[in-house]
**Q** 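Take a look at this one; I'll ask things after.
Only heavy atoms go into these numbers, but all of them, side chains included; no hydrogens, no water, no symmetry mates. Values in this document were obtained by computation on a predicted structure and should not be read as measured data.
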Amino acid sequence: LEWGPSHRPYIEGHELRLRAELGLGAELQLVLMNRSLQEAMEKAVFDQYVEGVQTRIDNQTPPEMRWLVMFPKLPGNDMPLLRERFVALSSIQGWLKHWLEGPLTHALAALQLDPEVPFVLMIGRGRLMLRTALKDADVPALQHWVRLFETAMREARRVASEDSDSISPSTQPSMWSTSALPGDEREK
């Protein structure tokens with residue numbers, strides 16, 4: 001849990017960041033955000049990269065903005081309680097649907113959040129991350145966000161336990177595949 005000056009251009013002032021290592025596969029990338037943030041990000045991406053005739057998105061662009069362009073959105077009928085307020089997208093649609101079944105959807109549906117306040121819940125590189133604008137870090141507000149985050153963690157672990165392909169042997173990202181390492185047994 002961390003509260004301080006925003007690390008993202010879409011959050012003004014202070015933000016709350018919650019992060020947990022889950023040991024999920026690096027190929028799993030997903031994001032859930034409120035609709036107003038999604039619309040603002042899509043406009044920013046368009047303005048910055050299409051109208052400016054920039055042909056690629058660089059690593060200065062937050063992953064949640066890149067993923068808006070890269071991954072398909074979960075259809076509204078797959079998230080009926082959330083479709084009016086949130087958008088969700090993923091590299092693995094089935095995993096995302098499974099994650100949003102049950103307690104997490106109900107916790108998100110009950111979330112009392114101004115639609116204009118940026119909110120992001122994402123999984124990438126084996127980590128779960130929650131980001132939202134938070135002017136003051138008072139205890140009731142922190143407890144509220146921690147409860148939501150714990151629900152998202154529990155549900156991610158539930159899905160991972162039911163889908164063994166989503167668990168990575170290592171939580172650390174690697175730039176080298178095991179077959180590229182010198183002395184690899186498979187080379188002999």
Side-chain angles (χ1 to χ4, degrees), residues 1-2 6-11 15-34 37-38 41-42 44-45 48-49 54-75 78-79 82 86-105 107-108 118-132 145-146 148-187:
L1 180 140
E2 186 178 40
S6 175
H7 290 179
R8 292 293 196 253
Y10 57 83
I11 297 178
E15 75 174 329
L16 174 66
R17 294 177 292 277
L18 294 140
R19 180 180 9 224
E21 292 286 342
L22 297 178
L24 300 172
E27 69 283 349
L28 176 63
Q29 299 170 325
L30 64 84
V31 64
L32 179 134
M33 66 180 68
N34 52 330
L37 178 59
Q38 174 243 337
M41 280 188 179
E42 284 182 344
V45 167
Q48 187 174 1
Y49 297 100
Q54 187 168 339
T55 57
R56 65 181 176 83
I57 295 178
D58 59 28
N59 63 1
Q60 299 301 311
T61 305
E64 50 273 36
M65 288 181 87
R66 293 191 307 262
W67 296 351
L68 274 174
V69 178
M70 295 170 54
F71 301 130
K73 291 180 180 94
L74 194 62
D78 286 336
M79 46 187 261
L82 304 177
F86 297 97
V87 64
L89 45 116
S90 177
S91 60
I92 304 173
Q93 291 281 303
W95 204 101
L96 175 60
K97 282 176 57 175
H98 199 89
W99 187 53
L100 290 174
E101 292 172 357
L104 181 55
T105 286
L108 289 164
F119 168 76
V120 173
L121 188 61
M122 60 190 284
I123 294 177
R125 289 186 264 157
R127 298 179 191 110
L128 174 65
M129 170 76 80
L130 182 149
R131 290 180 183 274
T132 191
W145 288 112
V146 167
L148 175 65
F149 189 74
E150 287 173 339
T151 300
M153 262 192 322
R154 270 192 313 276
E155 290 303 292
R157 288 182 176 136
R158 174 188 59 83
V159 175
S161 72
E162 295 171 4
D163 179 6
S164 62
D165 292 337
S166 67
I167 300 173
S168 175
S170 170
T171 61
Q172 298 301 316
S174 174
M175 293 179 58
W176 305 100
S177 68
T178 55
S179 63
L181 296 175
D184 188 348
E185 291 300 316
R186 289 175 280 182
E187 292 178 3

**Q** Could you walk me through whether Trp145 and Leu1 pass the side-chain contact (heavy atoms from CB on, under 4.5 Å) test, one step at a time?
**A** CA-CA 10 Å; Trp145 288 112; Leu1 180 140; over 6 Å; no

**Q** Could you please spell out the steps behind the side-chain contact (heavy atoms from CB on, under 4.5 Å) verdict for Leu148 and Phe119?
**A** CA-CA 12 Å; Leu148 175 65; Phe119 168 76; 3.9 Å; yes

**Q** Could you tell me if the side chain of Leu18 sits less than 4.5 Å from the side chain of Val146, heavy atoms only?
**A**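 The answer is yes; the side chains approach within 4.5 Å.
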
**Q** Are Leu22 and Arg157 close enough, and set up right, to give a side-chain contact (heavy atoms from CB on, under 4.5 Å), and what steps lead you there?
**A** CA-CA 7 Å; Leu22 297 178; Arg157 288 182 176 136; 3.8 Å; yes

**Q** So how far is it from Glu15 CD to Glu2 CD, rounded to the nearest 0.5 Å?
**A**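 If I round to the nearest 0.5 Å, the distance is 8.0 Å.
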
**Q** Can you name the closest pair of heavy atoms from Leu108 and Phe86 and give their distance?
**A**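 That closest heavy-atom pairing would be O-CE1, 3.8 Å.
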
**Q** How close do Tyr10 and Pro118 get, heavy atom to heavy atom, and via which atoms?
**A**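 Closest approach of Tyr10 to Pro118: O-CG, 3.3 Å.
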
**Q** Check whether any side-chain heavy atom of Ser91 sits under 4.5 Å from a side-chain heavy atom of Glu27, and report yes or no.
**A**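 They are not in contact (no side-chain heavy atoms under 4.5 Å apart), so the answer is no.
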
**Q** Could you walk me through whether Leu96 and Leu100 satisfy the side-chain contact (heavy atoms from CB on, under 4.5 Å) test, starting with their C-alpha distance in whole Å, then the side-chain angles of each, then the deciding distance to 0.1 Å, before giving a yes or no?
**A** CA-CA 6 Å; Leu96 175 60; Leu100 290 174; 3.9 Å; yes

**Q** Judged by modelled atom types alone, do Arg154 and Thr151 share a side-chain donor-acceptor pair under 3.5 Å?
**A**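 Yes, because at least one side-chain N or O of Arg154 sits under 3.5 Å from a partner of the opposite role on Thr151.
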
**Q** Rounded to the nearest 0.5 Å, what separation is found between the CZ atom of Arg19 and the CE atom of Met153?
**A**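 Nearest 0.5 Å value for the CZ-CE distance: 13.5 Å.
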
**Q** For Ala88 and Met79, work out which heavy atoms get closest and say how close.
**A**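 Taking Ala88 first and Met79 second, the nearest heavy atoms are CB-SD, 3.9 Å.
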
**Q** Going from CD on Glu150 to CG on Leu130, what distance comes out if it is rounded to the nearest 0.5 angstrom?
**A**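 Interatomic distance, Glu150 CD to Leu130 CG, rounded to 0.5 Å: 11.5 Å.
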
**Q** Using 0.5 Å steps for rounding, measure from the CG atom of Leu121 to the CZ atom of Arg131.
**A**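 Spacing of CG (Leu121) from CZ (Arg131) equals 12.0 Å.
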
**Q** Nearest 0.5 Å, please: how far is CG in Leu82 from CG in Asn34?
**A**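 Reported value, rounded in 0.5 Å steps: 12.0 Å.
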
**Q** Are Lys97 and Glu101 ion-paired here, with the side-chain N under 4.0 Å from a carboxylate O?
**A**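 No, Lys97 and Glu101 are not salt-bridged.
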
**Q** To the nearest 0.5 Å, tell me how far Trp99 CH2 sits from Leu24 CG.
**A**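 Going from the CH2 atom of Trp99 to the CG atom of Leu24 covers 10.0 Å.
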
**Q** Might you point out which heavy atoms bring Val31 and Met33 nearest each other, and give the distance in Å?
**A**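 That would be CG2-CE, 3.8 Å.
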
